[in-house]
Structures are given as structure tokens and as C-alpha cells.
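Since we're looking at a predicted model, the values are computed, not measured.
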Amino acid sequence: MNLTAMNPLISALENILYCPNSKCKHRPNYDCDDNCQTCGTPLLVNERYQLIRPLRELQIFDNYEIFEVIDWNSDPKDAGKTKIIKILKSQLPDLIQQFKAEARTMMWLQHDGIPQVEPEGFFSIPAGKGGKRSYCLVMEKVEGKNLEQFVQQNGTISEHQALNWLGQIFDILGYIHQLGIVHQDIKPANLMLKPNGEITLIDFGATGRVNSTAITVLSLGYTSQKQLQGSVLTSSDFFALGRTFVYLLTGKNPDSFSNQVNTDKLVWRFNAPQISQYLANKIDSLMETATENCTEMVSVLN
């Protein structure tokens with residue numbers, strides 16, 4: 001069956017379908033074939049998904065690739081819907097285990113502020129000879145832009161925006177923290193602003209269970225020292241959230257405000273004249289890593 005020839009949506013995209021084989025030497029396909037013209041790999045992944053656009057540059061040494069896909073669900077109501085697929089290229093056991101944990105977490109979480117993953121959204125596909133396989137995770141596509149892009153395009157945010165977004169993010173963190181999950185990579189690029197003004201938290205690849213040990217992820221300017229030392233604490237999410245709002249309110253990476261004596265204490269307020277001392281105090285409270293729970297943090301804003 002030639003899905004491309006049957007679907008006007010694909011035609012509108014100039015018939016560009018990407019080969020899922022990361023080792024293929026020419027991955028874009030410009031005609032209506034069912035298989036890649038270069039390597040012969042089927043262009044219909046898991047008998048359901050077509051890769052139509054990479055969401056970041058395809059690099060041979062990256063462990064992951066992320067594409068926008070068309071989902072040819074058997075349900076006519078959903079057929080043709082666009083989603084996101086994350087593909088693990090690496091065969092390292094630790095990365096496979098981490099990716100499986102991310103998939104389990106996202107399938108478990110049910111919150112409007114978190115991309116949804118269907119029960120069949122995690123699977124593996126052949127990855128060349130030798131019986132090796134690549135693991136795939138398909139999730140809801142979140143429309144809009146991330147908060148780093150928002151600031152780059154629109155400038156720093158107002159106090160009203162800050163309070164609105166803080167409230168939404170607290171609701172998401174409260175939900176996952178109550179389930180014993182720590183995100184561990186809160187930063188502007190992992191917070192999406194949808195066209196309706198709602199915030200969505202993305203990228204659960206670094207999540208860990210509270211008070212356990214987990215793989216260390218470093219996001220310069222946002223990761224707490226406790227997290228770098230291997231501790232999985234809810235306080236690290238709040239620390240990173242405070243630093244995220246320093247960026248949103250000043251347009252500068254939080255590390256540019258680091259005090260030479262104490263790197264956790266930022267001197268940033270003079271770069272955010274649009275906000276009150278009240279809100280600045282609350283942002284500083286978020287970055288005090290002794291705070292351990294969302295109930296306490298919600299009280300910080302009241």
C-alpha cells in the first residue's frame with residue numbers, strides 16, 4: 001500500500017519522508033515509494049508512523065533522534081495526526097535502561113501539563129544486521145514554543161506572566177512529586193508554551209525516584225550541586241525552576257549572576273526592574289535548596 005500517494009497531507013509536505021535507519025547515507029525520500037531508495041528500509045515505522053521532519057539536526061554521534069511523525073492509526077478518527085517520535089540509536093545497556101524508564105514514566109503520568117504516551121507508544125525496530133534494534137517512544141505533539149524561544153523572540157516576561165506560569169508549573173511538579181518522581185532537568189527549553197497560554201513540561205529522560213540514585217544530567221546554569229553529587233531530591237527541581245525564572249525575567253543565563261563567594265546565591269534583581277521585591281524574594285526562595293516539597297513552595301508564593 002502506498003500511503004504517500006493516497007494522502008494529500010503528505011503531498012502538501014512535498015512528499016518528504018525520512019528513512020528511520022540512522023546509518024542510511026541519504027535519508028530524505030522525495031517520491032512515493034514505501035521503502036527508502038537508498039537502503040531499502042521501510043518508511044512506515046512499526047506499520048504505523050511516517051517520519052516527516054527532524055526536530056533537531058541529525059548528528060551521527062548523537063544518542064537520540066527526534067522527529068515529527070504522521071500516525072496512521074487504524075482508527076479513522078485519529079489517522080493522519082502528527083506526533084513526536086524519539087529514537088534511541090545507542091546500544092549501550094545503561095542508555096537502553098534509561099530510555100525504558102522514561103517510557104514507563106511517561107505512560108504512567110496522566111496530566112494535562114505532560115505530553116501523553118499511549119500504551120503502545122514504546123516499541124523497538126530493526127537497526128541493521130546482527131539482530132540489533134533501535135528503541136522508539138511516540139508521544140503527543142505539543143504545539144507552541146519553548147520558553148527559551150519565547151524570551152529570544154519576545155524579550156523578558158512581566159510579573160503577571162511569571163506568577164501565572166509559576167502557578168501552572170507548581171501544579172505539574174506537585175503532581176509528579178506526589179508520585180515520587182523528580183524531573184531533574186527543569187530549564188526554559190523544557191517548558192512549552194501552548195497557543196492557549198498553558199504550560200507543558202517536556203523531556204522526562206532524566207527523571208529519578210526521590211532519594212534514589214540516578215544518572216546525572218548537567219544543564220549549565222540550572223542544575224543544583226546536590227543533583228550533581230548524585231542526590232535525587234524534589235528540591236533540585238525547585239532550584240532549577242528558580243533559575244529558570246531568573247532567565248525568563250532577565251534574559252540572561254543564571255550563571256552570569258553567580259556570586260564568586262557562593263555560586264548558589266545570585267545577584268540578579270537589578271536586571272529585572274519590571275518585577276516587585278515580593279516576587280524577587282519568592283524566586284530567591286525557590287533557589288534555596290533546603291526546601292523539599294511542593295506544599296512548602298506553594299506557600300512561598302502566597
Side-chain angles (χ1 to χ4, degrees), residues 113 142 144-174 176-177 182-203 206 217-228 233-302:
V142 179
K145 62 187 69 174
N146 68 52
L147 297 191
E148 184 175 47
Q149 295 169 331
F150 180 90
V151 169
Q152 290 171 351
Q153 296 171 15
N154 300 279
T156 57
I157 67 174
S158 67
E159 177 152 346
H160 175 76
Q161 285 175 302
L163 290 170
N164 179 287
W165 293 355
L166 273 171
Q168 292 189 55
I169 299 166
F170 275 166
D171 184 66
I172 300 169
L173 291 182
I176 68 171
H177 288 173
V182 181
H183 186 274
Q184 294 205 117
D185 199 17
I186 304 292
K187 58 185 178 182
N190 283 341
L191 291 160
M192 297 288 296
L193 177 65
K194 298 199 289 191
N196 63 3
E198 294 179 356
I199 297 290
T200 299
L201 178 60
I202 64 171
D203 196 349
V217 174
L218 171 62
S219 291
L220 292 174
Y222 302 97
T223 305
S224 74
Q225 288 297 317
K226 288 184 178 181
Q227 184 172 313
L228 290 176
L233 304 169
T234 56
S235 59
S236 292
D237 278 353
F238 294 124
F239 176 88
L241 181 59
R243 291 215 161 196
T244 291
F245 274 86
V246 168
Y247 171 79
L248 298 177
L249 292 163
T250 68
K252 298 181 180 181
N253 186 288
D255 273 354
S256 65
F257 303 114
S258 292
N259 185 304
Q260 295 300 314
V261 177
N262 181 354
T263 57
D264 278 350
K265 184 68 174 177
L266 303 187
V267 182
W268 62 276
R269 298 184 183 204
F270 63 93
N271 275 271
Q274 76 277 26
I275 68 168
S276 65
Q277 183 176 348
Y278 167 84
L279 178 57
N281 290 341
K282 304 313 174 187
I283 300 301
D284 279 337
S285 294
L286 282 168
M287 293 183 285
E288 293 175 1
T289 55
T291 303
E292 293 292 343
N293 63 77
C294 200
T295 301
E296 185 177 343
M297 289 317 306
V298 170
S299 69
V300 163
L301 281 187
N302 295 329

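Shown here are the side chain to side chain contact (heavy atoms under 4.5 Å, CB included) partners of Ala280, two or more places apart in sequence or in another chain: Trp268, Arg269, Ile275. Residues satisfying the ring-ring contact (aromatic ring centres under 6.0 Å, His included) test with Tyr247, not counting sequence neighbours, are none. Under the ring-ring contact (aromatic ring centres under 6.0 Å, His included) criterion, Trp165 pairs with Phe150, not counting sequence neighbours. Scanning for side chain to side chain donor-acceptor pair (under 3.5 Å) contacts around Glu159 gives Ser276, with sequence neighbours left out. For Thr200, there are no side chain to side chain donor-acceptor pair (under 3.5 Å) partners at least two apart in sequence or on another chain.
With contacts defined as side-chain heavy-atom distances shorter than 4.5 Å, the pair Phe239/Leu233 does not qualify. Within the 4.5 Å cutoff, side-chain heavy atoms of Tyr222 are placed close to those of Thr244. Looking only at side-chain heavy atoms (C-beta outward), Leu241 and Leu166 come within less than 4.5 Å of each other. At a threshold of 4.5 Å between non-hydrogen side-chain atoms, the residues Gln149 and Leu193 do not count as touching. Counting only heavy atoms from C-beta outward, the side chains of Ile283 and Leu286 approach each other to under 4.5 Å.
Without hydrogens or angle criteria, Asn146 side chain to Met192 main chain gives no donor-acceptor distance under 3.5 Å. Side-chain atoms of Gln161 never come within 3.5 Å of backbone atoms of Thr156 as a donor-acceptor pair (strictly under, hydrogens ignored). Judged by distance alone, the side chain of Asp185 and the main-chain N or O of Asn190 form no donor-acceptor pair under 3.5 Å. Formation of a donor-acceptor pair under 3.5 Å by the Gln227 side chain with backbone atoms of Ser224 is not found in this model. Between the side chain of His183 and the backbone N or O of Ile202 there is at least one donor-acceptor pair closer than 3.5 Å. When atom types are taken as modelled, the side chain of Gln168 and the backbone of Gly113 share no donor-acceptor pair closer than 3.5 angstrom.
Listed by first then second residue, pairs satisfying salt bridge (Lys or Arg N to Asp or Glu O under 4.0 Å) with a partner in residues 188-200 read Lys194-Glu198, not counting sequence neighbours.
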